[in-house]
There are 2 protein chains.
Amino acid sequence: MANPRDPSAAPFVVQRNLVDQVVDYLTEAILASRFAPGERLSEAGLAAELGISRAPVREAARLMESRGLLVSRPRRGFFVRTLDVAELSDVFDLRIGLERHAFERVMTRFDADTEQRLHRQISRLCEVAAGDDEGLKIEEDLAFHRLVFELADNARLARAFDDLSFELRLCITLITRTHETPESIAASHWRLLEALKSGDPQRCRDEVDYHIGVARDSVIERLAEHAGVSRG
Amino acid sequence: MANPRDPSAAPFVVQRNLVDQVVDYLTEAILASRFAPGERLSEAGLAAELGISRAPVREAARLMESRGLLVSRPRRGFFVRTLDVAELSDVFDLRIGLERHAFERVMTRFDADTEQRLHRQISRLCEVAAGDDEGLKIEEDLAFHRLVFELADNARLARAFDDLSFELRLCITLITRTHETPESIAASHWRLLEALKSGDPQRCRDEVDYHIGVARDSVIERLAEHAGVSRG
DNA sequence: CGATTGCCGACTGTCGACAGTTTGTGCCGA
DNA sequence: TCGGCACAAACTGTCGACAGTCGGCAATCG
């Protein structure tokens, strides 16, 4: 599998094609709110702006549509995804379902190496949680949960989380910043690790529900504020 | 919703673009095993075969890649997805996670209308289960589970199942036919409905685990037979 | 003055073409 | 006979262009 001559192996020097570059560009722009939610994106306009043809732009947009960052309307083009409270709630509810399953799988194969890797990731999270880079906090938080899915040893399950993670980023970055303190972020994740160590499925499940529930409520609350502000 | 004057309603005359037609054509061909697993699909070849240009073929292939029916390798093109036992097991494990969550949600909002709709769908399943159309059996079986996700009232959760369902069809159609009897298929689904009615979460979860587990084991068993046959 | 109809601009869906890359093949040397 | 190298064929990634369609605007009619 790890044989360098394996033709299916990924190349060492990743030759980034235009599509991937456009995806990164658009993803970063949307998550940084440089495109307003609901804004229409013109294929030709973007292509001209980036100095390329429409083909890679179109392909990148289709990929981002499957990731839930853009929506397409036939013959109308692509629009930046907007999320109402119901959709947002659905996203976090699905996340609860996926994480419950992932944590349960990790618990059944919990060992010293698992604990060490999770421990290290929480430490990284604690480091950035003390700083001011909100984007970095989000990424390290997601990285912890991504690690859980990796340790759950189900590639398809991990991909389901990856698919959802783009929408999660969209949810989270809709709000400007988390109001959680570095201490509460750290404590919340330590409790998740403790629950895994305990081997108690019910406790682990409750902890996951609480953890995701807090994140959901926080985002919904902020969205309500935003909506109120934008209306008033 | 059903108001004909609703501007957001779907148009009566659906103008199917080439991409959708190609997706249907390729999906049907793959699930009917007219393309061998692992077979390389040439964009130009398909375009010529269908009498269209490469652009819609390429776009259709990308969509099917996101659905897990094709895989693409950079500069190599598209290949029909192959599933080994590990991947297959992952797919059904994710299905268990999603269905547990969906059934739990349905249970919390179970009412007479819910029961009636599920009842009707099982009746339809029983009708076709007695016949010889294996493809129809699969579709009605999936339709029951799709209905559960619809009743779970979470669009994102339902979409996750829809995404997975293409891979499920790929798994199921890899084997030529189910060896389950019409009676066992019916009984299995009636038990799921009874579990929902009981309002007992643990019973419902156990029933779901058993139901999906049987399907998984059946597919894995058949895949092992196939592998044995194709090797010997 | 409000509603309807026809027109116009902008844009998507689709097409054919070119260049760079990868794979397969045949030749040459050991 | 076998391994390495070069050549050639096929294919993908990308490009520019055209036609059909959609939404908006203005002119027209009641």
Side-chain angles (χ1 to χ4, degrees), chain A residues 3-26 29 35-36 38-66 69-82, chain B residues 4-27 29 35-36 38-66 69-82:
Chain A
N3 187 338
R5 289 178 187 173
D6 182 358
S8 71
F12 284 93
V13 180
V14 179
Q15 187 167 284
R16 296 173 52 71
N17 54 13
L18 288 180
V19 175
D20 289 342
Q21 294 181 52
V22 175
V23 167
D24 288 349
Y25 170 80
L26 288 178
F35 291 130
E39 182 177 345
R40 180 175 182 173
L41 298 183
S42 157
E43 290 180 16
L46 282 172
E49 185 181 328
L50 300 173
I52 58 178
S53 74
R54 278 176 48 214
V57 173
R58 187 183 176 83
E59 205 162 296
R62 279 268 127 85
L63 181 59
M64 297 185 63
E65 183 189 10
S66 75
L69 294 182
L70 296 178
V71 293
S72 81
R73 289 167 56 187
R75 300 251 170 218
R76 287 300 317 271
F78 295 92
F79 300 80
V80 178
R81 172 83 178 277
T82 61
Chain B
R5 290 178 186 173
D6 181 0
S8 71
F12 284 92
V13 181
V14 180
Q15 187 167 280
R16 294 174 52 73
N17 55 13
L18 288 179
V19 175
D20 289 342
Q21 295 181 51
V22 175
V23 167
D24 288 349
Y25 171 79
L26 288 179
T27 301
F35 291 130
E39 181 177 346
R40 179 175 184 175
L41 298 182
S42 156
E43 289 180 15
L46 283 172
E49 185 182 329
L50 300 173
I52 57 178
S53 74
R54 279 175 47 212
V57 173
R58 187 183 176 83
E59 203 163 310
R62 279 268 126 86
L63 180 59
M64 298 185 63
E65 183 190 9
S66 76
L69 294 182
L70 295 179
V71 292
S72 81
R73 290 165 60 184
R75 300 250 171 220
R76 288 295 317 272
F78 294 91
F79 300 79
V80 178
R81 172 83 177 276
T82 62

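Per chain, numbering begins at 1; letters A, B, ... match sequence-line order. Everything quoted here is computed from the prediction, not taken from an experiment. Computation of the quantities below employed the complete heavy-atom set of this structure, encompassing side-chain atoms and omitting hydrogens, waters and symmetry-equivalent molecules.
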Does a salt bridge link B:Glu65 with B:Arg62, judged by any charged N lying under 4.0 Å from a carboxylate O?
yes
Closest heavy-atom pair, A:Glu59 versus B:Arg58, reported as atoms and distance to 0.1 Å, is OE1-NE, 2.7 Å
Do the non-hydrogen side-chain atoms of [X] and [Y] ever get within less than 4.5 Å of each other?
X       : Y       : value
A:Met64 : A:Arg81 : no
B:Leu46 : B:Val22 : no
A:Leu50 : A:Leu18 : no

Per-nt protein contacts along nucleotides 11-18 of chain C (heavy atom under 4.0 Å; B base, S backbone sugar-phosphate only, - none) come out as SBBSB-B-
